[in-house]
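Any value given below was found using the heavy atoms of this structure, including those in side chains, with hydrogens, waters and symmetry copies removed. A quick note: this is a predicted structure, and the numbers were derived from the prediction, not measured.
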Amino acid sequence: MSMETIETKTRAYAEARSVLASRVEALNEELDKARRRSLPGIKRALGIAKAAEEDLRAEIEAHPELFEKPRSVILHGVRVGYQKAKGTIEWDDDDRVVALIQKHHPDLFDNLVKTIERPIKTALNTLSVADLKKIGVTVVEAGDQVVIKPVDSDVDKLVDALLRDASEDSDSLAA
């Protein structure tokens, strides 16, 4: 094996990626054209649907007596009428709520407050290997590895994603 062989195989790989990238780019252009053609009609249909929903809502609100029993009905595949609203809870300041829970319900604190303590990977990456060993962290796969990474454009990134998906699909079929 020589550097010439590596160069030849790298050229073949680059050419294959180039063909794939141009086909993906052509697909994206077609999708953009289809989106531009369809968008005005979709916006019109959205406006009509929104107006029809508002009209239906106004009619239901004007005649609540029609929905006493049953409180809702299904007409043309759409449930209309009334239902009990599902309330939500909100607060502005997490720290204040936690402090008030601690003050007024200390016996329920563990059930009402989530405490998460977890190592921060990016911060741990700043430590030396010796320091990491002291705290029970091991460094995995820090040796040399093969790299095949084109200098990418956005289309190339999509090509990489497609290649990864294809590779995962073939791996799952082989298993």
Side-chain angles (χ1 to χ4, degrees), residues 24 28 31 35 38-39 42-175:
V24 169
N28 283 334
L31 290 172
R35 191 174 293 114
S38 300
L39 201 54
I42 290 171
K43 285 182 177 180
R44 279 191 300 278
L46 177 63
I48 293 167
K50 186 172 174 61
E53 179 187 20
E54 290 170 359
D55 189 36
L56 175 60
R57 181 178 308 282
E59 194 66 23
I60 292 169
E61 289 172 350
H63 299 286
E65 71 277 2
L66 297 175
F67 301 100
E68 289 176 8
K69 276 201 177 198
R71 294 193 27 89
S72 67
V73 294
I74 298 174
L75 303 170
H76 306 284
V78 179
R79 181 175 296 276
V80 295
Y82 289 90
Q83 70 179 17
K84 178 121 175 87
K86 294 172 178 67
T88 62
I89 59 173
E90 298 176 346
W91 58 89
D92 293 327
D93 183 356
D94 288 350
D95 293 335
R96 178 165 163 65
V97 173
V98 168
L100 291 171
I101 290 170
Q102 182 67 47
K103 178 180 177 182
H104 296 291
H105 298 286
D107 52 324
L108 298 174
F109 186 83
D110 289 340
N111 293 333
L112 299 176
V113 177
K114 182 196 293 189
T115 304
I116 300 175
E117 292 183 1
R118 162 179 320 150
I120 303 168
K121 214 175 229 186
T122 54
L124 290 172
N125 275 329
T126 64
L127 297 177
S128 69
V129 173
D131 285 338
L132 290 171
K133 283 185 182 180
K134 287 180 192 174
I135 59 173
V137 177
T138 56
V139 178
V140 181
E141 297 180 21
D144 289 342
Q145 63 183 28
V146 172
V147 62
I148 302 173
K149 185 175 181 183
V151 180
D152 289 343
S153 68
D154 287 340
V155 172
D156 289 326
K157 290 176 185 175
L158 180 57
V159 168
D160 285 341
L162 290 170
L163 288 172
R164 263 194 311 277
D165 289 347
S167 175
E168 290 169 5
D169 289 346
S170 66
D171 288 348
S172 67
L173 291 175

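Applying the salt bridge (charged side-chain N to carboxylate O under 4.0 Å, His left out) test to pairs two or more places apart or on separate chains, none has a residue in residues 73-87. Applying the side chain to side chain donor-acceptor pair (under 3.5 Å) rule to pairs touching residues 111-125 yields nothing, sequence neighbours excluded. Applying the salt bridge (charged side-chain N to carboxylate O under 4.0 Å, His left out) test to pairs two or more places apart or on separate chains, those with a residue in residues 122-139 are D131-K134.
The 12-atom threshold is not exceeded at CD1 of I89, counting heavy atoms of other residues, nucleotides or ligands nearer than 6.0 Å. Residue L39 qualifies as enclosed at atom CG: its count of foreign heavy atoms under 6.0 Å is above 12.
Taking R35 as the reference, D32 meet the salt bridge (charged side-chain N to carboxylate O under 4.0 Å, His left out) condition, with sequence neighbours excluded. For K50, the salt bridge (charged side-chain N to carboxylate O under 4.0 Å, His left out) criterion is met by E54, not counting sequence neighbours.
Taking the side chain as every heavy atom from C-beta outward, V137 and L127 never approach each other to under 4.5 Å.
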Taking only distance into account, with no hydrogens and no angle test, what donor-acceptor pairs under 3.5 Å do side-chain atoms of residues 56-70 form with protein atoms, sequence neighbours excluded?
| from | atom 1 | to | atom 2 | distance (Å) |
| --- | --- | --- | --- | --- |
| R57 | NH2 | E53 | OE2 | 3.3 |
| E59 | OE2 | H63 | NE2 | 3.3 |
| H63 | ND1 | E65 | OE2 | 3.2 |

Which side-chain N or O atoms in residues 94-110 pair as donor and acceptor under 3.5 Å with protein atoms at least two apart or in another chain?
| from | atom 1 | to | atom 2 | distance (Å) |
| --- | --- | --- | --- | --- |
| D94 | OD1 | W91 | NE1 | 2.5 |

What verdict does the side chain to side chain contact (heavy atoms under 4.5 Å, CB included) test give for I74 and V80, after you've listed the backbone C-alpha separation in whole Å, the side-chain angles of each residue and the deciding distance to 0.1 Å?
CA-CA 6 Å; I74 298 174; V80 295; over 6 Å; no

